[in-house]
Protein chains: 2
Amino acid sequence: MSIIHNLNPERMEEYLHRLFLYAGLNEREATSSAHHLVYANLRGVDTHGLQRVPIYIERIKKGGIKKNVTPSIERETPVSALVNGHGGIGPYVGDWALEIAIEKAKTTGIGAVGVYHSNHNGMMAYYTEKAVKQDLIAFVTTTGEAVMAPYGGKKKHLSVSPISYGFPADEEQPFLLDMATGVVARGKIIMALKNNESIPLGWAIDKEGKDTTDPAKALDDGLILPLGGPKGSGLAFMADIFSNILTGANWGPHIHSLYHTPDTPQGNGQFFMIMRPDLFMDTEQFKKRMDQAIREVRSVEKAEGFEHIYIPGEMEAQTQNVRRKNGIPVRKELMEELQQAGQSVGLEENLFSPYYQAGGD
Amino acid sequence: MSIIHNLNPERMEEYLHRLFLYAGLNEREATSSAHHLVYANLRGVDTHGLQRVPIYIERIKKGGIKKNVTPSIERETPVSALVNGHGGIGPYVGDWALEIAIEKAKTTGIGAVGVYHSNHNGMMAYYTEKAVKQDLIAFVTTTGEAVMAPYGGKKKHLSVSPISYGFPADEEQPFLLDMATGVVARGKIIMALKNNESIPLGWAIDKEGKDTTDPAKALDDGLILPLGGPKGSGLAFMADIFSNILTGANWGPHIHSLYHTPDTPQGNGQFFMIMRPDLFMDTEQFKKRMDQAIREVRSVEKAEGFEHIYIPGEMEAQTQNVRRKNGIPVRKELMEELQQAGQSVGLEENLFSPYYQAGGD
């Protein structure tokens with residue numbers, strides 16, 4: 001087992017902010033990206049947090065992530081916008097597009113925004129939660145590189161295409177669903193590999209088409225299986241259409257790899273649909289109905305082995321409370337990688353110093 | 001095995017039309033409903049076709065489906081409408097609401113329409129396909145009565161909540177995904193029961209929480225399992241929120257049963273999001289990109305046991321071609337039920353006469 005350190009989230013966010021500035025991003029790009037990545041760890045979504053920093057830095061250095069980008073609107077109506085991300089860093093391009101979708105939703109009731117020419121843009125619930133905190137309903141999707149075959153196939157062709165839905169509640173935690181349309185997110189297999197763990201049967205097949213529990217074989221030209229066969233395959237294609245085919249982005253197998261081609265923007269897209277609840281009923285009434293529905297779900301008699309029924313996003317909110325206090329657990333090896341990423345752009349800091357430890361000073 | 005007759009679809013639609021008129025529906029209600037139900041059979045979705053006619057007739061007679069209803073708009077913006085279905089027959093209320101969503105999408109780019117106080121409204125791909133035939137993008141969802149526990153629970157609380165997405169293509173068949181968020185649609189278990197067939201392990205558990213292959217045990221206070229555990233559970237809740245919580249409809253366990261309470265409107269809702277592709281790119285260009293993406297998916301190297309990769313909706317389109325020509329296969333018992341439903345409202349016709357057989361005259 002690897003040694004785990006518990007890192008102070010605010011100080012890690014400041015470190016990442018400096019790291020991205022040293023790498024050549026501007027203030028807005030560095031702020032969005034640092035906040036997004038640490039927030040993913042706070043929510044327990046370690047697959048989309050600090051783990052991605054080293055490749056982000058490598059891509060910035062090699063040109064796969066363009067520096068100092070200003071996204072632009074290429075087509076617009078009162079309810080929609082098409083955004084060119086100009087190959088910028090995904091979390092910033094995503095934030096920029098989300099703001100437009102939110103503004104349009106506040107004005108007309110609905111804002112649909114598509115993005116093209118972007119890069120890996122983090123966890124989708126980051127965006128849905130931002131909208132939900134403003135009492136809006138949100139659907140957000142994107143895709144990464146192809147890692148999954150369509151149902152009936154045996155070559156990589158579709159991303160595991162995350163889809164996220166968010167709805168505000170009143171006193172309860174909001175509903176924040178964020179799911180890969182594969183049996184599992186690719187990031188979980190990458191994490192298993194880094195942690196020297198095996199993966200459960202049913203997650204992936206190797207390049208010969210055989211079941212595997214070895215994350216290396218799953219990643220080495222193996223395939224993640226679609227959720228429920230044709231259903232997950234159909235949902236992944238749906239996400240590909242909204243994010244990429246409709247927006248003019250690269251789609252399916254044409255999206256450049258995050259890891260293998262660090263000199264080339266991935267060219268993937270993203271799609272946001274933001275909506276005001278009061279198109280249908282007063283927002284306060286809707287939020288109270290959400291509270292009631294959430295409480296009813298939670299009070300359903302439990303199946304054997306379960307003590308609590310979680311609403312989508314609830315477990316992440318609990319993790320956030322714990323990690324805000326106790327820090328973000330990070331493997332020593334990843335901390336060394338983060339430090340090396342800093343050194344590679346001239347930022348010399350010791351992440352192992354007490355300053356970065358939770359409870360340190 | 002039951003005797004199967006192949007019925008002429010046009011003549012069965014005319015029969016249903018007369019049947020609904022005899023039962024007291026008006027011309028518009030009878031037309032929408034007859035067309036919808038036969039179309040479901042043509043597409044091979046037998047769970048949502050003629051099989052539902054006897055209970056529809058019983059509900060019309062007992063008051064669970066209100067006759068001669070005119071839906072009304074209760075809240076409206078240029079991009080949205082909230083529709084009261086007044087307990088009318090679902091396929092008609094759904095058609096009525098869809099038309100409004102389509103008109104709004106044509107005018108402003110997006111039309112979001114919610115429905116409440118409705119009834120069982122057929123198969124969702126019926127609506128998405130109508131929008132797609134007008135070169136529009138569609139998301140449609142609804143819920144029926146609770147048949148599934150949320151992940152971690154063991155009591156009926158959520159519907160299997162179908163979700164449907166449609167996108168137009170150019171020369172290819174459109175993308176028409178229509179999926180239950182349970183492992184399987186409840187209608188498939190009802191059909192297995194009627195056909196005296198067992199169901200696969202993994203579809204359902206009985207009321208003791210044990211795996212079962214007996215459709216009767218699955219239906220008798222048993223539970224359909226959510227697709228992929230927490231993911232299907234989250235998607236089902238999402239559909240419940242859009243269709244019901246947001247629209248003012250009955251939700252989750254509060255939806256009245258289609259079969260058990262034939263004197264009470266179910267009170268469920270429905271949700272439509274219709275969008276013009278040219279918000280993002282010229283529609284013709286989008287459709288050509290869809291063609292290319294569909295052809296690429298289809299050309300992926302096949303896994304063992306597969307000769308063809310189907311795009312969502314493609315198999316249904318093939319079935320439609322076959323059944324348009326060869327007729328709709330219907331069990332003798334269901335034909336007798338349909339005939340009895342007619343007799344119960346004073347319509348005396350012999351469905352076993354050559355007139356109703358495919359190829360008959």
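In what follows, chains carry the letters A, B, and so on, assigned in the order in which the sequence lines appear, proteins first and then strands, with residues in each chain numbered from 1.
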Minimum heavy-atom separation for A:K231 to B:V183, with atom names?
NZ-O, 3.4 Å

Engaged part of A:D278 at the chain B interface, taking heavy atoms whose separation is under 4.5 Å:
both

Indicate, with yes or no, if the rings of A:Y151 and B:F306 have centres closer together than 6.0 Å.
yes

Flag side-chain contact, heavy atom, 4.5 Å: B:Y165 against A:F242
yes

In terms of heavy-atom proximity below 4.5 Å to chain B, should A:P253 be classed as side chain, backbone, both, or neither?
side chain

Audit row: B:L82, A:M281, side-chain contact (heavy atoms from CB on, under 4.5 Å) steps and yes/no
CA-CA 9 Å; B:L82 176 67; A:M281 70 170 56; 5.8 Å; no

Whatever's closer than 4.5 Å to a heavy atom in chain B on A:I137 counts as side chain

Is the closest side-chain donor-acceptor distance between A:W251 and B:E296 under 3.5 Å?
yes

Assess the pair B:F271 and A:F280: is the distance between their ring centroids shorter than 6.0 Å?
yes

Within-4.5 Å side-chain heavy-atom neighbours: B:H157 and A:I309
no

Counting heavy-atom pairs under 4.5 Å with chain B, which one of A:Y310, A:F175, A:F167, A:Y116 comes out on top?
A:F167

Measure distances from A:D178 to the heavy atoms of chain B and classify the residue's part below 4.5 Å as side chain, backbone, both or neither.
neither

Are the side chains of A:I110 and B:T77 in contact, using a 4.5 Å heavy-atom criterion?
no

At a heavy-atom separation under 4.5 Å, does A:H308 approach chain B through its side chain, its backbone, both, or neither?
neither

Using non-hydrogen atoms and a 4.5 Å limit, figure out which bit of B:I163 sits close to chain A: side chain, backbone, both or neither.
side chain

Engaged part of A:L176 at the chain B interface, taking heavy atoms whose separation is under 4.5 Å:
neither

Where on A:A180 is there a heavy atom nearer than 4.5 Å to chain B: the side chain, the backbone, both, or neither?
both

Residues 221-230 of chain B: residues contacting chain A (heavy atom under 4.5 Å, by number)
B:L227, B:G228

Turns out that what part of A:P312 lies under 4.5 Å from chain B's heavy atoms comes down to side chain

For A:V184, is it the side chain, the backbone, both, or neither that has a heavy atom closer than 4.5 Å to a heavy atom of chain B?
backbone

So which atom in A:G234 and which in B:L177 form the shortest heavy-atom distance, rounded to 0.1 Å?
C-CD2, 3.7 Å

